[in-house]
Amino acid sequence: MILKEKLRAKIEEWRPRTTKLIKEFGDVKISDVTIGQCIGGVRGVKCLTTDISYLDPMEGIRFRGYTIPETLKKLPKVPGSDMPYVEGHVYLLLTGEIPTEAEVLELVEEFKKRSVVPQYVIDILRVMPRDTHPMTMFSTAILAMQRESVFAQKYKEGISKMDYWEPTFEDCLDILAKLPEIGAYIYRMKYRSDTIIPPNHDLDFGGNFAHMMGIEKPYDDVSRLYFILHSDHESGNVSAHTGHLIASALSDMYYAISGMLDGLAGPLHGLANEEVLRWIQGVMIKMGGKIPTEEEMKSFVWDTLKSGQVVPGFGHAVLRKTDPRYEEQRNFCLKHLPNDLIFQYVSMLYKVVPPILEEQGKAKNPWPNVDAQSGVIQWYYGVREYAFYTVLFGIGRALGVTANIVWDRALGYPIERPKSVTTAMLEEFAAKSK
Ligand code: CMX
């Protein structure tokens, strides 16, 4: 496989850089930790390494050095579509190179070969109560497949540490290839009266997902855009970090991806896109379905804040400007659904919320994040069950987390084990600082 050989060459080229840093410069200090950071979720402490993506607070995410507009422009496009192949993005995340058409098509074929979801996974999904949250179903499906792990098998057989990345890479492709079918199956079973649409193996990752969801064009492009935008956001966010942490114990990719989905399911992380739509629709009901005036919208936002809730879709732990993932989805809305009522609400929120959050003075970033915009597009194309939105995020995020774990194994990153202190110790540090 071209991708695997390209990856092998990249890994061999990269390893001496990591080895040299540890051996010769291991004691060089890059970050300090304050009491605030120690209690406050390790914000801003530089203590993770990833080359898959980098998040600049002002510029937003770069995938392997490419901004979102550059990524979307440079990756080979699916014929007849405005959006690139998701498979090409997987290639980019893994290797750092924009693939040629031939390289993408090879991966498209590879995914097709690996895409068959085992029957026992379907059986497990079917025995779960239908009101189970779709994220619980999704995570369970991945975990159930752990018996398929090539890494777990090879590890038992006694593989060399230098070769860990190869079976990890196999697990990566095996899992990614099955995600569209698992996601769409959960959707159709749970929300479309169990009318399952079989895959069409002539289609790419995004196209096949849209087909199995039963939604016409341009939902295929919506899916491609969505999966690419959500793929990676450095490695400190909850989902990516959870995946990395689990894999650091040499738990295989199935354990890691199931766990990363569980982290994504939290309302402060991936579930926020669901919260955004629920919140907007609450406002719409109160307004009797009409567009509120700016004054009315401001008063809804203040009511939310005064009741002690956050305004969903705004703020970010790292970003300090409008999320470029928000902007890209906004561009899509401006092109395809400019007059949609919910989009108009979202646009008004873009105007109204940041000054209010600034006035309130708590949120470090008053600007919208990716989740403020994504539910609107799904709703417009008929995916109105918002509990499902985080599954879409999960399919996308898996692209980045799997790439990270392949490289974790390739570069021999050790088991993660930060050190804890007690509150009394912090109080001692505090006393000494006076
Ligand atoms: N509305 C109201 N208050 C907010 C806020 C918002 N959108 N964003 C931050 N704040 C508040 C925080 O709750 C915190 O308040 P306390 O001091 O009372 O605890 C204060 O401002 C400082 O928070 P921060 O340092 O700016 O933000 P964090 O790094 O702690 O949290 C995030 C980041 C995203 C969890 C937070 O901005 C938030 O809750 N936003 C709304 C939920 C959301 O949209 N999440 C999706 C994020 C994207 C993703 O990961 O998928």
Please find the pair of heavy atoms, one from L277 and one from V376, that lie closest to each other, and give the distance.
CD1-N, 4.1 Å
salt_bridge(E70, R62) N-O dist < 4.0 Å:
yes
Can a salt bridge be assigned to the pair E170 and R114 using a cut-off of 4.0 Å between side-chain N and carboxylate O?
yes
Test of understanding: with side-chain contact (heavy atoms from CB on, under 4.5 Å), list the residues that count as partners of P99, not counting sequence neighbours.
L75, P76, Y91, E103, V104
Would you mind checking if K4 and E166 are paired as a salt bridge, meaning a charged N to carboxylate O distance below 4.0 Å?
yes
Hydrogens and angles aside, do T50 and N404 bring a side-chain donor and acceptor to less than 3.5 Å of each other?
yes
D51 meets the salt bridge (charged side-chain N to carboxylate O under 4.0 Å, His left out) criterion, sequence neighbours left out, with none
Taking all atoms of both residues into account, what is the closest heavy-atom pair of P292 and E296, and its distance?
CA-OE1, 3.4 Å
Those residues that, when tested against F227, pass ring pair (Phe, Tyr, Trp, His ring centres under 6.0 Å) (two or more places apart):
F205, F209
Mind checking what makes salt bridge (charged side-chain N to carboxylate O under 4.0 Å, His left out) contact with K156, not counting sequence neighbours?
none
Name the orientation class of the two ring planes belonging to Y187 and F388 (parallel below 30°, tilted from 30 to 60°, perpendicular beyond 60°).
tilted
N/O donor-acceptor pairs under 3.5 Å from side chains in residues 19-30, not counting sequence neighbours:
from, atom 1, to, atom 2, distance (Å)
T19, OG1, R15, O, 2.9
K29, NZ, D32, OD1, 3.1

For R130, what residues pass the side-chain contact (heavy atoms from CB on, under 4.5 Å) criterion, not counting sequence neighbours?
R126, M189, D194
Which atoms form the tightest heavy-atom contact between A152 and D252, and what is the distance?
CB-OD2, 3.6 Å
Please name the pair of heavy atoms, one in A184 and one in M213, separated by the smallest distance, quoted to 0.1 Å.
CA-SD, 3.9 Å
What residues form a side-chain contact (heavy atoms from CB on, under 4.5 Å) with D408, not counting sequence neighbours?
H244, I405, Y413
Mind checking what makes ring pair (Phe, Tyr, Trp, His ring centres under 6.0 Å) contact with Y350, not counting sequence neighbours?
Y326
Regarding R325 and the six-membered ring of Y226, is the cationic atom NZ or CZ under 6.0 Å from the ring centre and inside 45° of its axis?
no
Which residues pass the side-chain hydrogen bond (donor to acceptor under 3.5 Å, both in side chains) test with Q360, not counting sequence neighbours?
none
Can you name the one residue among D171, I11, T168, D163 that meets side chain to side chain contact (heavy atoms under 4.5 Å, CB included) with R409?
T168
Give a yes or no on this: more than 12 heavy atoms of other residues, nucleotides or ligands lie within 6.0 Å of atom NZ of K190.
yes
Spacing of M58 atom CE and R320 atom CZ [to the nearest 0.5 Å]:
9.5 Å
From H233 NE2 over to I52 CD1, what is the distance, rounded to the nearest 0.5 angstrom?
15.0 Å
Separation between CG (D323) and CD (E328), nearest 0.5 Å, reads 11.0 Å
I'd like to know if E327 pairs up with R330 as an ion pair, taking the criterion as any Lys NZ or Arg NE/NH1/NH2 lying under 4.0 Å from an Asp or Glu carboxylate oxygen.
no
Approximate separation, where rounding is to 0.5 Å, of L48 CG and E416 CD
6.0 Å
side-chain contact (heavy atoms from CB on, under 4.5 Å) partners for I35, two or more places apart:
I39, L426, F429, A430
Given side chains that start at C-beta, do those of I142 and L179 come closer than 4.5 Å, heavy atoms only?
yes
Do H89 and T71 have side-chain atoms, one donor and one acceptor, less than 3.5 Å apart?
no
Contacts of type side-chain hydrogen bond (donor to acceptor under 3.5 Å, both in side chains), residue R278, not counting sequence neighbours
E274
Check whether the side chains of S307 and Q309 place a donor and an acceptor atom closer than 3.5 Å, and report yes or no.
yes
Tell me whether K10 contacts the main-chain N or O of L94 through its side chain, where contact means a donor paired with an acceptor under 3.5 Å.
no
Gap between atom CZ of F138 and atom CD1 of I182 - 0.5 Å precision:
6.5 Å
Check: S258 main-chain N/O paired with S139 side-chain donor or acceptor under 3.5 Å:
yes
Do any pairs count as a side chain to side chain donor-acceptor pair (under 3.5 Å) and have a residue in residues 361-380, sequence neighbours left out, and if so which ones?
Y219-Q378
Contact summary for Q329 and L229, nearest pair of heavy atoms
CG-CD1, 3.5 Å
Show the nearest heavy-atom pair for residues G382 and R192, with the distance to one decimal.
O-NH2, 3.1 Å
From OG1 (T95) to CZ (R64), nearest 0.5 Å
6.5 Å
Answer yes when D204 and R224 have at least one side-chain N-carboxylate O distance shorter than 4.0 Å, and no when they do not.
yes
